[in-house]
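Only one structure is covered here, and it is reproduced in the block below.
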Amino acid sequence: MMNVPLTVGSMLERAEKFFPKKEVISRTLSGVHRFTYKEIGSRTRKLAAALERLGVGRGDKVGTVAWNHHRHLECYFAAPGMGAVLHTINIRLSAEHIAYIINHSEDKVLLIDEDLVPLIERVQDQLKTVSAYIIMTDSDVLPSTTLDPVFSYEKLISESDGKFEFIKDLDENEPAGMCYTSATTGNPKGVVYSHRGLVLHSFALGLADTAAISEYDVCMPVVPMFHANAWGLPFAATWFGSTQVLPGPQFTPKLLAELISSEKVTLTAGVPTIWLGLLNELENGSYDTSSLRAILCGGSAAPRGIIKAFETKFGIPFLHAYGMTETTPIATISRLKSYQNDLDDEDMLDVRSKQGLLVPGLEMKVIGANGEVAWDGSEMGELLLRGPWIADEYYMDERSSDAFRDGWLYTGDVATVDEEGVVKLVDRTKDLIKSGGEWISSVDLENALMAHEGIFEASVIAVPHSQWQERPLACVVLKPAFQGKVSKDDLLEFLAPQFAKWWLPDDIVFMEEIPKTSVGKFLKRALREQLKDHLVNN
Ligand code: ADP
């Protein structure tokens, strides 16, 4: 067979050639804009030419500080298309970590959204390698800024002719992108994506048994483009010629609901907290969501209650998927097998709320205390992954040897595997609750709590205990209509029939809001810190 390199630039070329009329709908600070792939292609080539004029060459890192919108999409293809490396910077990291990752990756140029300029101004004195700042604004006038030298994105691209040719003599194993993932302690760790990895991952997203992304889709990634490449959706959707809806800065559940109905979105993707918000909006407003064929949900466990609510109340199918920054990210996805379609509703929900089957192309092992676990749905072990879109190291980081060993990625996630090969994540190794020498899954307790009609959010953590080592403590946020109407005893009574007695939380703390990580997951570290003496004092 021909040894033709798999490259990111060729994905956009396909959209330009075969889907020039299809659209990218992009929301920015000034409103909603529509561009065809023909226009996106031409603008991307102009951007690549402009970056070249600014001195960006092969292998150089191009950092983006941006929401989900058309200019960010153009960066997704311009940098890899010219042989440079797209570094999507997580804007929700601390200033210290933002400065660290820009220096560590040695970004040469930064492309920054107008409203995010202050983030970079705050750290500019610490930046060692950035030689140009490009501001992505709709306005003809640049905002006043201390960044220097500073350029206007639109002005830069207006000075090019759109004829830039994507680099052809590229080795598919060369880096195309990178993204840093937060570490439990210390600085974020960098993951570098090769052209080959990104293209093969896009193939995987198109398979009928995974996300089945196709030209027929209208894809709206809510998961940020600064986090694990918005789960690879922008690459796959462009390649397949799907319509894309990019919801832009500071979106709300209302805005998402409006976009779904006005743009007839068929597939959207994000973390469970986004869907909790949307569910609340749909329950209280009136929106046409009939176009949605699936909500792709991952990043943390999709609570069974949300899956059920979306499917039974609104007829919107939920696709639960699992992955991590290190896995580009899709690793497993939950779908029923053909012969499981006659299960009763609750059994189907059991299967669908698990993290699912390994996607084709990857290999897995689950290693417990005595080697590989039995596929019995109960023996737990750490999930190990390998495959062409799994990272094999952290970028210039001595912590690599902790996670990458013997050709496998040690995910730090604890899982069981059932007789069908379906993976269920029990917890992260660091979040499991060890009570009297036995493990309690915080995830199972959270899912059960979130199935209660009065609960908006729930997070269960381990707190130190003199006798049992650790005990579970539940933190819950009630829905406004249930404030003051649901007590701790009500919730314990609700949980009791579902768990062994020793699994039940020792206490339930009612909160206004659960602290979240940079990508909207529950920040258990903060909860543990805040509540570490809770049981002692109680
Ligand atoms: P961060 O560590 O910053 O959250 P990632 O987004 O890479 O970065 O997180 C990956 C982790 O998220 C996984 O290791 C796993 O613990 C968790 N995760 C991802 N998807 C799921 C899921 N569907 N169910 C449960 N946990 C998930």
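As the structure lists them, so they are numbered: ligands from 1, and atoms in each ligand from 1.
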| query | Under 6.0 Å from the six-membered ring centre of F318 and within 45° of its axis: does the NZ or CZ of R352 meet both? | reply | no

| Close-contact set for ligand 1 against H320 heavy atoms, below 4.0 Å | 22 (C), 23 (N), 24 (N)

| field | Within reach of ligand 1, part of T181 (heavy-atom separation under 4.0 Å) | value | side chain

| query | Is A302 close to ligand 1, meaning an N/O of one under 3.5 Å from an N/O of the other? | reply | no

| query | If you measure from CG on L205 to CD1 on I333, what distance do you get to the nearest 0.5 Å? | reply | 7.5 Å

| said: Given C179, P272, G323, P188, identify the one with the heavy atom nearest to atom 19 (C) of ligand 1. | reply: G323

| Residue-ligand contact T517/ligand 1, heavy atom below 4.0 Å | no

| message | T332: which residues meet the side chain to side chain donor-acceptor pair (under 3.5 Å) condition with it, sequence neighbours left out? | response | none

| message | Is it true that D217 and T266 share a donor-acceptor pair across their side chains at a distance under 3.5 Å? | response | yes

| message | Checking Y180 against Y395 for the ring-ring contact (aromatic ring centres under 6.0 Å, His included) test, could you report, in this order, the C-alpha distance in whole Å, the side-chain angles of both residues, the deciding distance, and whether it holds? | response | CA-CA 9 Å; Y180 283 73; Y395 181 62; 7.2 Å; no

| query | Considering only the protein, which heavy-atom contact is closest to atom 13 (C) of ligand 1, and what is its distance? | reply | D413 OD2, 3.2 Å

| In chain order, what residues pass the side chain to side chain donor-acceptor pair (under 3.5 Å) check against D392, with sequence neighbours excluded? | none

| said: Consider ring pair (Phe, Tyr, Trp, His ring centres under 6.0 Å). Of F235, Y193, W239, which one does Y76 pass it with? | reply: F235

| atom 4 (O) of ligand 1: the protein heavy-atom neighbour that sits closest, reported with distance to 0.1 Å | K521 NZ, 2.8 Å

| field | Test item, A228 contacting ligand 1 (heavy atom, 4.0 angstrom) | value | no

| request: Using a 4.0 Å heavy-atom cut-off, say whether M324 meets ligand 1 through its side chain, its backbone, both or neither. | output: both

| request: Determine whether any heavy atom of A321 lies closer than 4.0 Å to an atom of ligand 1. | output: yes

